[in-house]
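For reference, the structure is listed below as structure tokens.
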Amino acid sequence: MNKLAANAVKALAALGLGLALTSSVQAATSDEAIIERIKPVGEVCIQGDESCGGAAAAATASAGGARSGEEIYTGKCAACHGSGVLGAPKFGTSEMADRMAEKGLDTLLSNALNGFNSMPPRGTCADCSDDEIKSAVEYMVNGG
Ligand code: HEC
């Protein structure tokens with residue numbers, strides 16, 4: 001390699017290093033821009049999650065609207081309580097009202113929510129809110 005060629009190689013190497021440095025500086029300064037550009041457009045907000053804005057949580061809660069006690073009973077509880085499966089207090093008889101008189105609504109409700117002997121927690125209704133379960137219990141106590 002002659003001297004001219006060697007100098008040319010050094011010059012190119014220096015240039016290359018310079019470019020590399022420049023581009024890493026640029027990368028550092030544009031990180032924020034990239035984060036800004038790729039950040040999510042929206043965020044999933046689980047109801048009751050404290051990191052969600054209050055307004056968002058309220059909107060989620062009111063989006064579907066609570067179902068009535070009758071709707072919950074018919075859709076979720078009647079399978080057992082309609083005919084008294086496994087000894088479930090039968091709807092349309094005084095059985096639920098009798099339990100209400102004996103234990104009070106709070107106990108019936110907490111047993112409906114948490115389960116009680118063969119009564120499964122929430123009557124297996126995973127998407128029922130506490131209020132909806134309460135409406136269903138009241139509907140059953142009142143016998144329809
Ligand atoms: C898989 C059958 C089944 C389903 C579905 C079911 N229940 Fe029950 N439930 C029972 C049985 C069995 C009992 C009686 C438990 C006992 O007294 O030992 C019972 C008892 C209850 C009681 C009385 C608890 C107490 O303290 O005496 C309430 C209230 C109740 N169920 C509410 C509901 C509601 C509300 C739903 C629907 C959201 C529901 N159940 C769905 C089987 C069921």
Side-chain angles (χ1 to χ4, degrees), residues 5-144:
N7 280 341
V9 169
K10 276 189 209 156
L12 282 175
L15 187 64
L17 189 64
L19 283 176
L21 283 173
T22 318
S23 58
S24 75
V25 168
Q26 275 174 349
T29 53
S30 60
D31 272 0
E32 277 180 39
I34 293 171
I35 289 168
E36 182 65 23
R37 210 171 339 126
I38 64 172
K39 76 177 181 187
V41 177
E43 284 173 14
V44 174
C45 172
I46 309 293
Q47 189 179 342
D49 186 338
E50 288 187 3
S51 68
C52 294
T60 314
S62 64
R67 292 162 289 184
S68 72
E70 183 177 0
E71 281 175 278
I72 300 293
Y73 168 75
T74 307
K76 311 288 182 179
C77 322
C80 294
H81 287 272
S83 54
V85 172
L86 303 167
K90 203 169 159 185
F91 187 77
T93 68
S94 65
E95 286 177 39
M96 195 62 98
D98 290 347
R99 288 181 185 232
M100 165 82 173
E102 201 182 302
K103 308 179 179 186
L105 182 62
D106 285 352
T107 305
L108 291 193
L109 180 59
S110 99
N111 286 343
L113 289 172
N114 302 317
F116 178 65
N117 298 326
S118 305
M119 164 66 197
R122 295 181 176 274
T124 69
C125 178
D127 72 342
C128 288
S129 69
D130 289 6
D131 280 349
E132 287 175 330
I133 296 288
K134 187 176 182 203
S135 308
V137 172
E138 285 169 346
Y139 177 76
M140 289 161 83
V141 166
N142 295 330

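Reckoned from all heavy atoms, side chains included, excluding hydrogens, waters and symmetry mates. Atoms within a ligand are numbered from 1 in the order they appear, just like the ligands themselves. All figures in this text were calculated on a predicted structure; none of them were measured in a lab.
Checking only distances, N111 does come within under 3.5 Å of ligand 1, N or O to N or O. Looking at ligand 1, you'll find an N or O of R99 within less than 3.5 Å of one of its N or O atoms. Looking at N117 next to ligand 1, an N or O pair under 3.5 Å apart turns up.
With sequence neighbours excluded, no residue satisfies side chain to side chain donor-acceptor pair (under 3.5 Å) with T107.
The closest protein non-hydrogen atom to atom 28 (C) of ligand 1 is M96 CE, 3.4 Å.
Remark: of the listed residues S129, S135, C77, C77 is the sole one forming a side-chain contact (heavy atoms from CB on, under 4.5 Å) with I72.
Using a 4.5 Å heavy-atom cutoff, the side chains of P89 and M140 are not in contact. Annotation: side chain of K134 is in contact with side chain of L105 (closest heavy-atom distance under 4.5 Å). Counting heavy atoms from C-beta outward, K76 and T124 have side chains that stay 4.5 Å or more apart. Residues R99 and V141 form no side-chain contact, since every pair of their non-hydrogen atoms from C-beta on lies 4.5 Å or further apart. The closest side-chain heavy-atom distance from C125 to E132 is not below 4.5 Å. Between D127 and R67 there is a side-chain heavy-atom pair separated by less than 4.5 Å.
Only the backbone of V85 comes within 4.0 Å of ligand 1, judged by heavy-atom distances. For L86, heavy-atom contacts with ligand 1 shorter than 4.0 Å involve the backbone as well as the side chain.
Within ligand 1, counting atoms from 1 as listed, the ones closer than 4.0 Å to a heavy atom of I133 are 38 (C). The R122 neighbourhood of ligand 1 comprises atoms 38 (C), with distances under 4.0 Å to a heavy atom of that residue.
With hydrogens and angles disregarded, a donor-acceptor distance shorter than 3.5 Å links the side chain of R122 to the backbone of C128. Formation of a donor-acceptor pair under 3.5 Å by the S94 side chain with backbone atoms of A97 is not found in this model.
Ring-plane geometry between Y139 and Y73 is classed as tilted, the angle between the planes lying from 30 to 60 degrees on a 0 to 90 degree scale.
Within the 4.0 Å heavy-atom cutoff, E132 does not count among the residues contacting ligand 1.
Take atom 8 (Fe) of ligand 1 and draw a sphere of radius 2.8 Å; the protein N/O/S atoms inside it number 2.
Proximity annotation for atom 27 (O) of ligand 1: of K134, K103, E138, K103 comes nearest, heavy atoms only.
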